[in-house]
Amino acid sequence: MAAEVAPKLTRKDFVADQEVRWCPGCGDYSILANVQRVMPELGVPRENIVFISGIGCSSRFPYYMDTYGFHTIHGRAPAFATGAKAANPNLSVWVVTGDGDGLSIGGNHLLHTIRRNLDIQILLFNNQVYGLTKGQYSPTSALGMRSKSSPQGSIDHPVDPISYALGCGATFVARTIDVDAKHMQQVLKRAHDHKGTSFIEILQNCPVFNDGIWEDVEDRKTRAKNTLVLEHGEPLVFGSEGERKGILMQDGRPQVIDLADDDDPKERGVVIHDEKLETPSYASALATLTRPDFPLPVGVIREVEKTCYEELLEDQIKEAVDQKGAGDLHALLHSGDTWTVS
Amino acid sequence: MAAEVAPKLTRKDFVADQEVRWCPGCGDYSILANVQRVMPELGVPRENIVFISGIGCSSRFPYYMDTYGFHTIHGRAPAFATGAKAANPNLSVWVVTGDGDGLSIGGNHLLHTIRRNLDIQILLFNNQVYGLTKGQYSPTSALGMRSKSSPQGSIDHPVDPISYALGCGATFVARTIDVDAKHMQQVLKRAHDHKGTSFIEILQNCPVFNDGIWEDVEDRKTRAKNTLVLEHGEPLVFGSEGERKGILMQDGRPQVIDLADDDDPKERGVVIHDEKLETPSYASALATLTRPDFPLPVGVIREVEKTCYEELLEDQIKEAVDQKGAGDLHALLHSGDTWTVS
Amino acid sequence: MSSKTSEPQGPTSGDSDGKTDLKPTTEIDDVAIRFAGDSGDGMQLTGTKFTDETAMAGNDLSTFPDFPAEIRAPAGTMAGVSGFQIHFSSHDIHTPADRVDLLIAFNPAALRANLEDVRSQGMVVINSDAFTQKALTRAGYEEDPREELKTRYALVEIPLTRLNREALQGLSLSQREADRCKNFFALGLLCWLYCRPTEATERWLAGKFKGDVLQANLTTLRAGFAFGETTELFPVHYTIPSAKIEAGTYRNITGNSALAWGILAAGKQLSMPVFLGAYPITPASDVLHEVSRHHEFGIKTFQAEDEMAAVSSTIGAAFAGQLGVTISSGPGFILKQEALGLAVMVELPLVAINVQRAGPATGSPTKTEQGDLLAVLFGRHSQSPVPVLAASTPGDCFHIVLEAFHIATKYMTPVVVLSDGYLANSAEPWKIPDVDSLPRSTVNFAGRETMGADTEFEPYRRDPATLARPWAIPGTPGLEHRIGGLTKEDISGNVVYTAENHQRMVDLRAAKVARIAEDIPPLEVEGPDSGELLVIGWGGTRGAITAAVESAREDGLSVSQAYIRHLNPFPSNLKEVLTSFKHVLCPELNEGQLAMLLRSRFLVDVQSFSKVAGQPFKVQEIRERIDSFLTEKS
Amino acid sequence: MSSKTSEPQGPTSGDSDGKTDLKPTTEIDDVAIRFAGDSGDGMQLTGTKFTDETAMAGNDLSTFPDFPAEIRAPAGTMAGVSGFQIHFSSHDIHTPADRVDLLIAFNPAALRANLEDVRSQGMVVINSDAFTQKALTRAGYEEDPREELKTRYALVEIPLTRLNREALQGLSLSQREADRCKNFFALGLLCWLYCRPTEATERWLAGKFKGDVLQANLTTLRAGFAFGETTELFPVHYTIPSAKIEAGTYRNITGNSALAWGILAAGKQLSMPVFLGAYPITPASDVLHEVSRHHEFGIKTFQAEDEMAAVSSTIGAAFAGQLGVTISSGPGFILKQEALGLAVMVELPLVAINVQRAGPATGSPTKTEQGDLLAVLFGRHSQSPVPVLAASTPGDCFHIVLEAFHIATKYMTPVVVLSDGYLANSAEPWKIPDVDSLPRSTVNFAGRETMGADTEFEPYRRDPATLARPWAIPGTPGLEHRIGGLTKEDISGNVVYTAENHQRMVDLRAAKVARIAEDIPPLEVEGPDSGELLVIGWGGTRGAITAAVESAREDGLSVSQAYIRHLNPFPSNLKEVLTSFKHVLCPELNEGQLAMLLRSRFLVDVQSFSKVAGQPFKVQEIRERIDSFLTEKS
Ligand SMILES: Cc1ncc(C[n+]2csc(CCOP(=O)(O)OP(=O)(O)O)c2C)c(N)n1
Ligand SMILES: Cc1ncc(C[n+]2csc(CCOP(=O)(O)OP(=O)(O)O)c2C)c(N)n1
Ligand code: SF4
Ligand code: SF4
Ligand SMILES: [Mg+2]
Ligand SMILES: [Mg+2]
């Protein structure tokens with residue numbers, strides 16, 4: 001664990017001297033601001049923080065953070081992060097990736113990093129498009145999306161990042177929205193506190209190539225109606241006063257009911273959110289709620305405990321040293337059969 | 001669709017003239033025999049059948065089938081299959097892969113092939129080890145497995161192939177066992193009948209590097225107790241006479257109850273298996289049942305309908321031709337601004 | 001640039017709207033201009049439209065777009081500047097020109113980033129409205145450069161923003177919307193200045209926009225034209241007589257469009273369905289985009305999850321009997337090497353295109369380089385030979401794809417085609433080929449009927465002429481067989497590991513590729529067949545080399561040039577050509593890769609002239625190297 | 001093979017069990033034998049044990065295991081045969097020998113697959129119990145070959161299966177278990193035949209097995225030894241005097257163990273933790289296995305999901321400040337090229353090992369080749385230079401890893417180390433180096449203290465001597481900075497796309513790698529410094545070349561040899577060496593890759609002698625090429 005001796009830092013300490021090169025209005029700006037705001041609150045010395053990314057607009061992120069940063073190659077950021085974290089478990093390692101970088105070319109590394117459960121954070125900016133290469137559909141784009149490479153509409157069924165992470169055995173899975181500063185900061189802190197790989201899907205608007213896909217949950221006017229804000233131990237209730245609704249599960253099938261403002265959701269049978277369930281089937285039910293019939297769940301969907309790879313790796317060294325003593329090169333070279341010529 | 005004019009074929013028609021080069025006792029032999037037995041029953045002309053594999057012991061499979069076959073490179077078989085099927089939708093395309101080939105290096109192609117839902121079959125032979133490279137732990141190996149590359153025990157949490165396939169959005173997911181001939185043949189037929197990507201995990205014993213990991217479900221004596229044979233519309237009941245048990249779901253948490261031989265499982269609240277549920281959370285609950293507390297589900301876990309990639313691809317061509325007429329090279333070259341010099 | 005001035009004449013625009021020309025025109029034979037502004041200012045579009053007009057005016061031309069890797073880098077900064085250069089002429093030209101005669105800069109950053117490429121006393125047109133103190137600082141100017149500029153250039157300050165807004169008054173556009181049209185004001189002005197018609201642009205606008213936006217663009221285009229006619233700032237305007245070009249119908253084409261159309265044409269010319277598997281990457285993606293717009297050609301496009309899947313799916317399609325093609329750029333291409341090695345082993349036809357960009361690593365994705373020649377030849381493990389072709393002009397990209405497919409299917413082999421970032425985006429007038437004159441060929445799949453009734457199908461029994469193995473596709477009764485990456489036995493294709501067979505197959509694969517030389521035309525020398533110096537090149541540097549060598553020869557130097565389209569195998573007379581000259585110079589946008597191949601193969605002291613700066617050669621650079629070389633050696 | 005026979009002597013086994021030698025011994029100075037059987041017959045183990053005994057007997061030796069790619073290919077077939085050859089001698093030897101003096105074949109397939117490598121009139125020992133009609137057919141024999149064999153070889157038929165069973169009667173083993181021990185019967189017999197001690201094997205058995213299995217193996221081993229003593233079949237046995245070898249303590253080592261131990265040693269010698277990221281692949285996996293057994297050295301081993309993750313994690317670890325090393329073989333290595341290109345751009349130290357195997361594609365994974373030299377040099381897109389070293393003997397694999405790490409950390413660069421399938425599995429006696437004499441070095445991470453208080457950290461400000469940039473690792477306060485694959489600005493490391501900077505950085509990276517030549521010892525010539533012919537090679541062919549050249553020189557030919565360990569940059573005197581000879585011949589297990597480099601660099605007419613058959617060179621092949629070459633040229 002990083003020693004907590006750093007003088008109190010502020011957001012500014014995390015702003016790098018590089019000009020930010022995203023398009024005007026890009027959702028990445030707001031994510032950057034929120035990450036910079038959260039950093040001082042983590043109690044991690046700045047020099048121990050590392051941002052690692054792949055390739056994409058989103059993956060330019062590390063250049064703008066005044067921490068250690070590594071802008072790597074397309075799709076492989078989780079593998080670079082694995083090496084860095086395994087090498088030095090004291091580091092606070094943050095992976096930034098996009099829906100293309102993380103889920104198209106990089107899907108395999110996401111799988112294996114998640115299942116190994118290193119104590120790192122993975123932020124996947126989902127704008128449902130390849131921004132940097134100027135607007136092709138991505139693995140999260142909706143069926144039928146017209147883009148430069150799909151002028152007649154995409155014919156690929158999209159993958160849902162949350163379901164995918166769950167299928168990979170993720171111990172921490174969450175979702176938040178580029179423009180919802182407070183919520184994002186909460187989620188980022190929770191991710192940092194989680195011991196294990198934290199996977200966060202951040203819905204991000206790309207005004208240039210895919211404007212408005214998240215509008216219903218980004219717009220303050222419609223957000224309450226269209227999002228289900230998850231809180232551990234609280235009922236699955238959404239909507240605003242006068243239009244509250246709750247979610248039941250009937251034989252594993254979710255269902256929306258209307259709630260009067262003075263209803264006790266629990267009594268009405270509304271499901272109580274439980275992040276800690278061992279079996280991921282509840283989380284996977286949440287993951288598949290789709291609008292317009294259901295609201296979009298945001299917040300921490302699942303958090304469970306499992307051993308972390310980098311700790312077990314260090315343990316192996318300790319165990320080996322305990323059993324055999326610290327490595328002795330001379331002894332190694334002379335192990336087994338040797339003979340001496342004089 | 002392939003014309004069904006072929007003369008009645010037999011198992012022998014599918015036996016290639018190549019010497020089979022697996023170790024004595026390898027589970028792959030039995031899988032091969034069952035696949036060869038099923039082929040004549042599919043009603044597909046032999047010349048339309050294509051087996052495509054990656055690299056691994058399991059991936060030698062195509063050499064032994066007297067059909068068209070392609071032994072490709074490590075991990076990429078689903079991508080080769082995608083090209084072959086997209087090019088010629090008349091072909092019956094079978095991918096053979098291993099836990100290393102399919103889930104280690106090849107995890108990404110599995111994800112994308114599954115979500116695109118081409119009408120192909122993917123058979124993943126899971127022996128929880130890298131056989132061909134002589135016994136390293138694989139992504140499905142249990143935590144703690146001692147192998148050549150993990151002499152102190154593996155420290156990776158394994159990925160569950162079924163959960164993974166579900167997280168990828170699979171439309172057909174099943175599991176069967178190398179030595180259970182009848183069951184495997186049924187499952188293979190179901191997979192072939194399914195329109196879309198069928199993913200089948202086949203539990204396979206590697207007597208050389210990982211002997212006996214599936215023994216409790218392979219051994220006829222213990223199989224009934226340790227497997228839950230799934231049948232659509234039937235209750236989740238397992239065990240044999242005098243020791244029947246059923247599975248309930250309480251708040252999304254599975255639970256085993258004892259059943260008297262004359263109990264009506266339905267009345268006792270035992271879950272009725274439903275392959276067709278739209279939300280995959282039930283299937284994902286099944287996927288995570290682990291022994292010894294629960295039996296291992298075998299059979300078709302999920303089968304739902306979605307459009308197939310190769311059909312939509314053909315439709316795009318039809319649509320384009322309908323709208324613009326068949327491509328005219330002269331017209332294309334002269335489209336837009338041209339000028340004539342004389 | 002020679003010029004002759006004449007009195008005001010009639011309308012030069014194709015419009016017969018009765019406008020009369022109010023100012024004298026000067027005839028010149030060669031001009032290069034550059035548009036420069038923010039990434040958001042529409043410079044690429046403006047340049048393209050001017051290019052179309054220029055082409056219609058009958059000039060020879062060459063263009064060079066140069067833009068940042070960011071989608072829309074920060075407004076007003078050097079990093080965000082996007083440029084488009086066009087060189088047009090009444091005679092044959094080969095490059096977008098080393099220096100421009102006119103720069104139009106939309107803001108201070110655009111001025112600062114491009115100024116050094118303006119010829120001395122060239123014209124610099126700026127949008128004076130954009131020269132605020134803040135903008136100057138953002139561009140990195142410590143003081144206003146305008147005064148100083150006047151000493152070295154003909155500076156023309158135009159309040160572009162204001163003039164455009166005024167022109168659009170009365171239309172119901174927001175100011176922001178109106179401002180977005182100002183590039184068309186500039187375009188109108190330049191069309192007047194160089195007596196270009198505006199017809200094609202107006203037609204294009206009408207097809208693209210409607211209502212107020214259409215009206216605004218048309219209005220400001222015409223306002224710009226009118227402004228030229230009336231302002232005191234431009235005393236003359238210029239005509240550039242049309243070039244003497246071969247008769248025919250022409251169009252502008254970029255390398256990427258030509259590749260895309262070549263792919264579509266291949267399906268027609270070989271009468272087979274085409275499968276394109278690709279993963280987007282700059283600067284290759286536009287090929288995927290363009291092909292995707294033309295499914296009516298029966299082509300299937302597959303946007304894969306990554307490059308490994310792109311090439312693997314393509315090989316899968318080839319296995320299933322289609323014309324497979326995959327396209328990428330350097331970083332993506334090298335991810336395909338393992339699968340291409342498999343294609344070499346299983347001997348399936350396939351075309352793999354690499355539109356090279358500047359590296360190493362992610363490098364400078366929108367910049368050009370010729371850095372991948374050795375990588376495509378030798379980047380697979382073990383001995384894994386493939387034929388390699390390189391396109392040399394945008395239009396050549398069309399024909400080269402056809403040729404590649406011809407070789408691939410005739411010899412049953414993957415073929416690599418090289419293009420580069422410069423060719424990809426540059427445009428040139430292209431004589432549209434007569435479709436009937438394009439090469440055709442037929443692919444013969446193996447069939448049961450060609451074999452005796454009881455014979456086993458032998459997937460590696462070769463055609464003695466080409467050494468090609470048969471292409472037997474799934475769906476063919478009786479030819480069921482297995483292929484794969486393990487060492488294949490000669491003829492039977494079974495898996496064997498014996499030493500003799502291994503060697504034999506290595507030799508056969510090498511011999512097959514070498515044999516392709518028989519189909520390759522001899523290398524042509526431009527200029528005398530022998531002499532002091534041969535300048536040899538390949539790929540997109542052809543234009544610059546040609547221009548430099550021609551100028552040197554005009555100055556009486558003994559210099560010829562040759563350019564290699566077929567990089568593996570080489571044309572059979574290559575040795576003869578090389579040894580007919582006292583010296584050989586090889587300019588490349590890499591550290592001497594072709595030079596290395598030539599030296600090792602022929603033991604000729606080929607001298608490399610290397611530039612790896614993300615930019616094409618300037619003609620002058622090559623010319624100077626020729627001069628200094630001849631001086632050193634004599 | 002020279003010999004001298006003497007009368008029966010005392011015990012030759014180290015055991016002082018009072019056995020006396022009943023038969024005459026013949027002294028010979030050089031023998032090669034081969035064990036051959038099914039993959040399941042334990043040939044590799046038997047060979048290894050015989051090797052250990054031979055080493056203890058003080059002979060120089062060289063081994064060559066050759067086995068199928070399948071885990072346990074079908075019993076009794078040619079495809080399933082596994083062989084182990086050992087060459088041992090009382091003098092210095094360099095190769096496992098071209099032909100064997102004795103073959104012991106456990107079944108007809110083993111006989112058929114190996115017979116052609118037995119020298120004329122050599123001894124062929126067979127397990128006669130295995131020569132059933134069925135087995136003969138399975139091996140592909142149409143008739144029993146034994147009669148015919150006798151005319152050409154000294155055939156010795158032994159009922160091995162039966163003798164072994166009989167020896168083990170009384171122990172409670174199943175017949176199958178008993179049969180599994182028969183390789184130890186054979187081992188005992190051969191130990192008797194060549195007067196080897198059996199001590200080490202007995203010790204090894206005692207450590208490995210217990211109870212009846214231990215007993216059985218010991219019993220049959222001794223029974224085999226005794227059988228030799230008593231049977232009529234072997235009238236004499238042989239002693240091979242110990243070789244005159246440099247004083248020191250020795251052990252047998254294979255190339256793969258040496259690589260693994262080199263990796264462990266690197267951590268010690270540079271006093272830094274090591275991180276090994278790898279994905280299993282034949283023939284490189286054993287390095288991962290061996291290192292994984294030694295976590296007590298503080299090394300972290302990471303079995304990645306694929307090669308991209310293997311190299312990426314390793315670069316990540318290097319970024320975090322560890323000694324990163326990644327290992328693979330050809331097909332896996334080329335998947336790492338993109339990430340290695342990034343390592344070149346970000347200039348982080350790293351060692352990437354490629355244990356080459358026979359290709360192309362999946363090829364013949366257990367066979368050897370030197371096919372990847374050009375791929376490791378040029379297989380990344382664009383200009384992406386890395387230093388390349390190649391090991392030439394199994395023991396050299398240890399030292400080369402140390403050297404690679406030294407270069408990597410001193411110059412801040414990824415370094416490629418080449419080994420091959422032959423070196424990987426072959427064993428040789430290796431003089432164990434004195435740990436204190438191994439090179440040490442210290443890595444200096446950048447620290448805030450080395451900078452002025454207000455200065456910005458400049459990640460690309462280079463050490464003027466080495467051109468290395470500083471290694472500033474996360475966790476260091478005040479040095480926070482960003483690196484990545486986009487073109488870097490000199491000194492600041494910021495992202496820029498200007499032409500001058502691009503060129504400067506390309507030049508700097510090239511200059512840095514070129515500068516490593518200053519640390520490289522000059523190329524040594526074995527034999528006269530000048531003359532008729534220089535035979536030049538690299539990597540695992542060194543032994544065969546040495547043997548061939550020595551024999552040629554013994555026969556009075558003017559031949560010298562040199563071998564290149566440093567393939568990039570080359571030793572600085574290389575040109576001088578090459579030009580001191582009239583002719584240069586370059587034998588390689590590829591199609592002339594080093595030859596190509598030498599020809600292009602030095603314009604010297606280096607002649608390639610190429611073999612690509614999945615097998616090492618035979619000494620005789622090279623010798624014949626030398627002879628024919630000198631005849632042709634004279
Ligand atoms: C090996 C390789 N292939 C392809 C590319 C081109 N490329 C760069 S970013 C990108 C997609 C980025 O999409 P996403 O991750 O969604 O990022 P966004 O730009 O939308 O933030 C692609 C295809 C590359 N740089 N490297
Ligand atoms: C690019 C590449 N990397 C690594 C390998 C080595 N390799 C071959 S098969 C294999 C693992 C196979 O495991 P699995 O798929 O489980 O097959 P099994 O042998 O167990 O049936 C590996 C690592 C390879 N052939 N190619
Ligand atoms: S292209 Fe889209 S994602 Fe990329 S910077 Fe611009 S707005 Fe943001
Ligand atoms: S190693 Fe295992 S999986 Fe491979 S053939 Fe042998 S028994 Fe089967
Ligand atoms: Mg995106
Ligand atoms: Mg396996």
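When reading the values below, keep in mind they use all heavy atoms of this one structure, side chains included, and skip hydrogens, waters and symmetry mates. Labels below follow one simple rule: chain letters A, B, ... track the order of the sequence lines, proteins then strands, and each chain is numbered from 1.
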* To do: With a 4.5 angstrom heavy-atom cut-off, could you sort out which part of D/P474 is near chain A: side chain, backbone, both or neither?
  => both
* Considering only heavy atoms, which portion of A/Q18 lies under 4.5 Å from any heavy atom of chain D: side chain, backbone, both, or neither? -> side chain
* Asked: Is the closest side-chain heavy-atom distance between A/Y63 and D/N494 below 4.5 Å?
  -> no
* Asked: By a 4.5 Å heavy-atom criterion (distance strictly below it), what part of D/F275 contacts chain A: side chain, backbone, both, or neither?
  -> side chain
* **Engaged part of D/W430 at the chain A interface, taking heavy atoms whose separation is under 4.5 Å** => side chain
* **Member of D/E296, D/H294, D/K268 meeting the side-chain contact (heavy atoms from CB on, under 4.5 Å) criterion with A/L332** => D/H294
* **Proximal component of D/D306, with respect to chain A [non-hydrogen, under 4.5 Å]** => side chain
* Asked: Taking NZ, NE, NH1 and NH2 as the nitrogens, is one of them in A/R116 or D/E305 under 4.0 Å from a carboxylate oxygen of the other?
  -> yes
* To do: May I have the step-by-step check of salt bridge (Lys or Arg N to Asp or Glu O under 4.0 Å) for A/E314 and D/K300, ending in yes or no?
  => CA-CA 8 Å; A/E314 303 257 309; D/K300 291 177 177 170; 2.3 Å; yes
* Asked: Using non-hydrogen atoms only, which part of D/Q322 is less than 4.5 Å away from chain A: side chain, backbone, both, or neither?
  -> side chain
* To do: For A/T82 and D/S313, test the side chains for any donor-to-acceptor distance below 3.5 angstrom and give the result as yes or no.
  => no
* Atom group of D/E246 that falls short of 4.5 Å from chain A, counting heavy atoms -> backbone
* To do: Can you tell which part of A/I73 gets under 4.5 Å to a heavy atom of chain D, answering side chain, backbone, both or neither?
  => both
* Asked: Which class fits the ring pair D/F302 and A/Y309: parallel under 30°, tilted 30 to 60°, perpendicular over 60°?
  -> perpendicular
